[in-house]
Amino acid sequence: MPADVAVETRALRKTYSSLKGRQVAVVGLDLDVPTGGVHGFLGPNGSGKTTTIRMLLGLIRPDSGSMSLFGHEVPKRLPEVIGRVGAIVESPKLFPAFSGRRNLVLLADAIGAPRSRVDEVLDETGLTDRAGDRYSSYSLGMKQRLAIAATLLKSPDLLIFDEPTNGLDPAGIHEIRRTMRRLADEGRTVLVSSHILAEVEQVADTVSIIGRGRLLASGTVADVIGDRTAAVRVGVAEPERAAAALHAAGLQVRPDGAHLLVEGEPAAARITYLLAQQGLWVHELTPVRAGLESVFLELTRADTLGAPDGASPSAPDGASPQPHAPAPPAAPSPPGPDDGTTPSRRTRGGAR
Amino acid sequence: MRLLGVEVRRLLARRMLLAAALAGVAAVVLITLGIWSSTRPLTQTQLDAAERAYQAEVERWEADGDEMLADCEEAEAAERDLTGDDVDFGCDQMEPQRQWFFPERPAFGDVAADVLATSSVLLLVLVLVVGVSATAAEISTGALGTWLTFVPQRLRVLASKLASAGVVALPLVAGLLVLLLAGLWVAHAVNGAAGGTDAEAWRDIAGTALRILALGALAGVVGAALGVLLRHTAAALGLLVGWALVVESIVAGLVPALQPWLLRTSVAAWVQDGTTYWTTECTVTADGTSCQGVEHHVSLTHGSLWLLALTVVLVLLTGAVFRRRDVV
């Protein structure tokens, strides 16, 4: 494993068995998280993000595949590297009847961290004043901050946050985002899983998108988004007639103030051609750049619709999942013929 | 040892331990009141009533005693002829005795060890609940998952959790035993029945208390292991209650040969330095079927080794399950 990779998984697979049958949660996942910066680990609910994180932390056992943290094979050598890893999996879970400070003291003692470190991390997360209160009396935001404080007890090189903003108010979300950025700027690696893309886009340097337990795309945010457009903003003299003409041609159109917004990945040339045919002259044609969310939606929607064998990882098994055949990163696609909307991104798993 | 220390401090800070201690104190107070009540001297009214009952029985004996004695001896002879055994109906002990109506109050030294042994069941139940809840609550709240992200060595974590439940049981049980003994002594002293406790009685009391203490530690470990295995306090306690009802009562009644292997027999053998149980053995002769109760002895060694073996099996099973289990 290269020295600049904090987390690596290869052909990782996990199936849950229950009375209802077997459910495949992760299917041959290849994941690389580079050292340093914030890495967004994105996917819809049930796509296998939390399962992957739990496997990395030794909480659940993979059926097959390999994983490593900073080059240490896990779970075999997890004890050697766990001191460099702080993690919050799903919601923060500490002892509810104990105060925030007592929770941290117990954890600090368990790993042999000095008691002074408890005061430091409480101060760092702004919880000093409430440290003596019972954890169960904390708001969700405070619980999240205390959990972050707990992870900082180790002075970790890698922080794993699983859906850290779930249930938080906007101020709490902003604070978590700021904290993640600060930690990354200190030289740590932050792996944050989320299904709320707008948040991650604001803070992540690199992302991996998974769907149904498989990697769909990964790379820097800019690479994944590419130079695709999500829509084209059209300024035209008679917007209502123009909308009808475009709609008749099969394009998705909606009003945007005095303008029209043609959604999807429309070719600008086609829009001008269609409108010109109607004697409508365009005075503005602005591509609206796609966000991570639209790329994410497109990838995950395509993954669902394009399931090659109908085997849904979340469906009760019997139906076997798609065999994993890791593909090398795809070469950047050439630009589209005339609209420049084809994305350039690294994809894996043959899902695209 | 560091992890054990952390776990012990965690358990000592739990409210469940405080609740168990308070429940134990309440039980000790009730037992002490019961003992105080039973050791009180008879009131004048009670003495008068006892005297009247004794006199009435003496009068009845004087009137009908010869006839009652003859009936008894006749029945005894008939039974002897029927079975061929040298049966004794105790006919020569039928004459009313004064002490039957004026019972002697038990002295502290005569009853303390027995009261401790009887109360041990309550202490064990408390310790089991503390042990079960210590681990099951941690699992059900998800705190165990967080803990494992700090200390991922599962067997080390499990060992610290089981051992800490045993360690924490010691001060709880010891405190309640001391309180109970003090309460017993005060109850007897108040009623003037505390004197005359000789060295042998004290040795008996100390031995019983120490064995209960050791059993308390074992119960803590067993409770914590059950909590890990079943993950829910209610499930673990339900299993214990179900075991007591089904195996220790119903199955044991149907299969008398299980008696020496029952938990209650082993616990009694350990706490009381050996115990006995009865079975009914029947023989078929030409005259019919004859059944009689037979007393069996279970030694302290048997009880202790069996309890230890069961605990070891449970701990090994828990280790095997916990090592591989997904923590979600």
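Proteins get letters first, then strands, A, B, ... in listed order; numbering begins at 1 in each.
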Based on non-hydrogen pairs under 4.5 Å, which of [options] is most in contact with chain B?
options	value
A:I160, A:L78, A:L107	A:L107
A:S91, A:G58, A:P79	A:P79
A:G83, A:A97, A:P96, A:G112	A:G112

So which part of B:R325 gets closer than 4.5 Å to some heavy atom of chain A, the side chain, the backbone, both or neither?
-> backbone

So, the part of B:R2 with a heavy atom under 4.5 Å from chain A: the answer is side chain

Compare every heavy atom of A:A150 with every heavy atom of B:F150, then report the nearest pair and how far apart it is.
-> CZ-O, 3.2 Å

Where do B:T141 and A:K93 come nearest, in terms of heavy atoms and distance?
-> O-CG, 3.5 Å

Step by step, would you call B:R10 with A:F98 a side-chain contact (heavy atoms from CB on, under 4.5 Å)?
-> CA-CA 9 Å; B:R10 181 177 79 83; A:F98 292 171; 3.5 Å; yes

If you round to the nearest 0.5 Å, how far is [atom2] of [Y] from [atom1] of [X]?
X	Y	atom1	atom2	value
A:L94	B:W147	CG	CH2	10.0 Å
A:I53	B:T149	CD1	OG1	12.0 Å
B:L3	A:I111	CG	CD1	11.5 Å

Does the side chain of A:L57 reach to within under 4.5 Å of the side chain of B:L148, using non-hydrogen atoms?
-> no

Would you mind telling me which of B:R9, B:E138, B:Q153 has the largest number of heavy-atom pairs within less than 4.5 Å of chain A?
-> B:R9

Choice from B:L144, B:T146, B:V6, B:D326 maximising heavy atom contacts with chain A below 4.5 Å | B:D326

For A:R77, does the CZ atom have more than 12 heavy-atom neighbours from other residues, nucleotides or ligands under 6.0 Å away?
-> yes

Answer with side chain, backbone, both or neither: which region of A:A147 has an atom nearer than 4.5 Å to a non-hydrogen atom of chain B?
-> neither

Could you tell me which portion of A:R54 (side chain, backbone, both or neither) has an atom closer than 4.5 angstrom to a non-hydrogen atom of chain B?
-> side chain

